[in-house]
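Counting from 1, the numbers follow the sequence of the chain as shown. Note that this is a predicted model, so its numbers are computed, not measured.
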Amino acid sequence: MYEWTIACSFLLLIISIYYWLNRYSYFDKLDVIHKKPLPFVGNSLPFLIRSKTFAEFIEDAYNLDRDAKYVGLYDFSDPVVVIRDPELIKNITIKSFDHFVDHRTIIDSEQEPLFTKNLFGLRGNQWREVRNLLSPAFTSSKMKAMFKLMSDCAENFADYLKANADNESTINSKDAFTKYTTDVIATCAFGVAVDTMRNPNNEFYVLGKKATSFDGIVMLFKFFMMRASPTLSKLFGIRFTDRRVEIFFTELVKNTIETRDREGITRPDMIQLMMESRNNKPGDGPILTIQDMVCQAFVFFFGGFDSTSSVMCFVAHSISTNPNIQKKLQDEVDDVYEKCGESLTYEAINNMEYLDATINEALRLFPIQPAVDRVCTKTFELPPALPGRKSVIIKPGDGVFLPIYALHRDPEFFPNPNEFYPERFLEDPKGTLHSPAYMPFGAGPRMCIGNRFALLEIKVLLFHLLAKCTLRPGKNMILPLELSKTSFAMTAKGGFWLSLEPRNKWNKKL
């Protein structure tokens, strides 16, 4: 018996070594430029031990060869092709989208449906059906219908900050902006008024923070286990989210639906569209269960709560450290404020060109995601990476990375890429805003469905905040800004800190 145990263990070891060696020979066989991998972690060690941010990790791969259309990267044991050429990215995400429909996932769908059964995690026809169902929630007409609710939240937020501001005070802007995004989502999506600035212990905010916190050694261990051994992760019940978060959102969506059904309430939002899917007949579109609705509502909350507030932090910081840009913005804000009289309008906020350019520039320097992925769903032929090399065939299941952060900071596409210069989006819209190298929300049919909502939310906040306050870097802010190596998300080392100086130009409310 003892001999059989040794023999089986030895055989398992041989099989494992063969598997790893075979995986790590992938790019050698294809003759794709890549960095030599390490056992078990591939090229991911710098990111895993936090010596580099995820953005820097991807940028290092991007810079392996400045002339190549793509290079190779081992994400743990998974070979991933990093696409460097914007035109090839355009082909993959738009023209040949049917070959790259899906995202990768490392989370078990049965164990954590909130993260896998939402629009981001769904695959194939399921994704298409739900995307088609939810897209009408983010049209211009729906944004216009939600605008007043959003503007009221932003004005309430700005009034609170101004009333509590003085020249010596410093606020944690990430904390403050997350409270604002909590109020907007609670109001616009669920019809709940929470006023998080004055009531920071509400469940929306508390559990939202818990659901979107991915820092610390425990989270690092979970991430490693899910990447290195999904089977063991499932066996030991390793989860990203606290079960209380899942219970809260399930009850919230159920209660929202029951209340609307009982009282005949109709609202122009995602929840309403999902409720209406119950009337679909087979073949007319998806019929969503309560769990389906919870998952879609959660990913909308997740993106709006954390990602949007992070963008706000980067935009506000960039404005605070560039007084000349802030002056131009406040001149534009004052002009619109004066023309609008008693009511800021949807049209007015969307016609603010310099505000739009400033946000676009912040998204260029600090995109929401440093990279996005796609999974090959049909065999696809990549052109030669360099002259004289062969084409590369990638097969279903193979992954690609689209290195957004690296592209946005490449001087070939954006001159003086590390300079915060909003004017580039006004002087050369074709070479910036409409460039295939610029994709802060992703590209193609799988780009972020809520990008219009997020941009409007950011514009409205900045309008009211800049009308009533001047922004300065807080005394705790590390200058110049460095990206944090201890967080999985894009954020500043040491956090975001702002000092607010009240403006007295506009004392009446819009």
Side-chain angles (χ1 to χ4, degrees), residues 138-165 173 176-177 180-181 183-184 187-188 197 268 308 311-312 314-363 420-429 432-434 450-472 498 500-510:
F138 299 98
T139 60
S140 295
S141 61
K142 291 296 195 299
M143 293 301 99
K144 190 172 183 178
M146 285 189 250
F147 172 75
K148 183 65 168 63
L149 294 171
M150 198 180 287
S151 185
D152 288 345
C153 285
E155 185 172 17
N156 183 43
F157 175 80
D159 285 338
Y160 180 89
L161 289 183
K162 180 179 178 179
N164 290 276
S173 52
F177 293 153
Y180 163 69
T181 56
D183 288 0
V184 169
T187 301
C188 292
M197 290 302 293
T308 307
V311 174
M312 291 174 184
F314 283 114
V315 179
H317 170 78
S318 300
I319 292 170
S320 74
T321 53
N322 290 275
N324 292 338
I325 291 172
Q326 183 163 197
K327 176 65 169 58
K328 291 179 183 179
L329 276 172
Q330 286 181 322
D331 287 345
E332 186 178 51
V333 166
D334 292 345
D335 182 56
V336 172
Y337 209 129
E338 192 167 21
K339 288 177 180 176
C340 282
E342 294 297 317
S343 180
L344 176 66
T345 65
Y346 176 77
E347 291 76 16
I349 200 80
N350 280 313
N351 286 329
M352 296 180 67
E353 292 184 351
Y354 199 71
L355 176 61
D356 195 51
T358 301
I359 295 169
N360 287 333
E361 177 69 341
L363 283 166
F420 186 76
Y421 184 64
E423 282 79 2
R424 75 175 80 233
F425 284 91
L426 301 174
E427 296 166 355
D428 182 21
T432 52
L433 186 62
H434 303 298
N451 65 319
R452 282 185 176 181
F453 185 93
L455 287 171
L456 184 61
E457 191 176 4
I458 296 166
K459 289 177 183 178
V460 171
L461 167 77
L462 290 173
F463 177 88
H464 287 290
L465 192 57
L466 289 170
K468 297 175 181 180
C469 298
T470 294
L471 313 183
R472 312 285 187 216
L498 280 178
L500 304 177
E501 178 185 323
R503 296 181 75 207
N504 296 316
K505 186 175 180 65
W506 306 107
N507 290 318
K508 66 176 183 177
K509 288 188 176 182
L510 280 171

Checklist entry - Do Y346 and M143 have side chains that get closer than 4.5 Å, going by heavy atoms? => result yes
Checklist entry - Side chains of F177 and L465: closer than 4.5 Å at any heavy-atom pair? => result yes
Next on the checklist: Minimum heavy-atom separation for Q326 and S320, please, with both atom names.
Outcome noted: NE2-CA, 4.1 Å
Checklist outcome for this item: Residues pairing under salt bridge (Lys or Arg N to Asp or Glu O under 4.0 Å) where one sits in residues 317-327, two or more places apart or in two chains, turn out to be K327-D331
Checklist entry - How about M312 and S173: do any of their side-chain heavy atoms sit closer than 4.5 Å? => result no
Next on the checklist: As a quick check of understanding, evaluate side-chain contact (heavy atoms from CB on, under 4.5 Å) for L161 and M197, giving each step before the final call.
Outcome noted: CA-CA 9 Å; L161 289 183; M197 290 302 293; 3.8 Å; yes
Item to check | M352 CE to L329 CG distance, which is reported to the nearest 0.5 Å | outcome: 7.5 Å
Item to check | Residue pair R424, D428: steps toward the salt bridge (charged side-chain N to carboxylate O under 4.0 Å, His left out) verdict | outcome: CA-CA 6 Å; R424 75 175 80 233; D428 182 21; over 6 Å; no
Next on the checklist: With a 4.5 Å cut-off on side-chain heavy atoms, are E361 and E423 touching?
Outcome noted: no
Checklist entry - Are the side chain of Y180 and the backbone N or O of E457 linked by a donor-acceptor pair below 3.5 Å? => result yes
Item to check | Spacing of D335 atom CG and K339 atom NZ [to the nearest 0.5 Å] | outcome: 4.0 Å
Checklist entry - Relative to each other, are the rings of F463 and Y337 parallel, tilted or perpendicular (30° and 60° limits)? => result parallel
Item to check | side-chain contact (heavy atoms from CB on, under 4.5 Å) evaluation trace for L355 with V336 | outcome: CA-CA 11 Å; L355 176 61; V336 172; over 6 Å; no
Next on the checklist: Donor-acceptor pair, distance only, cut-off 3.5 Å: does the side chain of E501 make one with the backbone of R472?
Outcome noted: no
Checklist entry - Is there a side-chain contact between F425 and T358 (heavy atoms, below 4.5 Å)? => result no
Item to check | Reference residue L455; test side chain to side chain contact (heavy atoms under 4.5 Å, CB included); the match among L363, N350, D356, T308 | outcome: L363
Checklist entry - Taking atom CD of Q330 and atom OG1 of T470, what is their separation to the nearest 0.5 Å? => result 4.0 Å
Next on the checklist: Between E332 and E353 (side chain of the first, backbone of the second, donor and acceptor by atom type, cut-off under 3.5 Å), is there such a pair?
Outcome noted: yes
Checklist entry - Rounded to the nearest 0.5 Å, how far does OH of Y421 lie from CD of E427? => result 3.5 Å
Next on the checklist: side-chain contact (heavy atoms from CB on, under 4.5 Å), that's the test. Do L344 and E155 meet it? Break it down for me.
Outcome noted: CA-CA 11 Å; L344 176 66; E155 185 172 17; over 6 Å; no
Checklist entry - Quick one: are I359 and L462 in side-chain contact, heavy atoms under 4.5 Å? => result yes
Checklist outcome for this item: d(I458 CD1, T181 OG1) to nearest 0.5 Å is 10.0 Å
Checklist entry - Could you give the distance from CG (L461) to CE (M150), rounded to the nearest 0.5 Å? => result 11.0 Å
Item to check | 4.5 Å side-chain heavy-atom contact, K148 and D152 | outcome: yes
Item to check | Candidate pair R452 and K142, rule side-chain contact (heavy atoms from CB on, under 4.5 Å), full reasoning | outcome: CA-CA 10 Å; R452 282 185 176 181; K142 291 296 195 299; over 6 Å; no
Next on the checklist: Using side-chain heavy atoms (C-beta onward) and a distance below 4.5 Å, is K468 in contact with L500?
Outcome noted: no
Checklist entry - Shortest non-hydrogen contact from T345 to C340? => result N-SG, 4.1 Å
Checklist entry - For P422 and I325, which heavy atoms make the closest approach, and how far apart are they? => result CD-CD1, 3.5 Å
Next on the checklist: Using modelled atom types and a 3.5 Å cut-off, is there a donor and acceptor pairing between side-chain atoms of T321 and backbone atoms of S318?
Outcome noted: yes
Checklist entry - So which heavy atom on C188 is nearest to which on M146, and how close? => result CB-SD, 3.7 Å
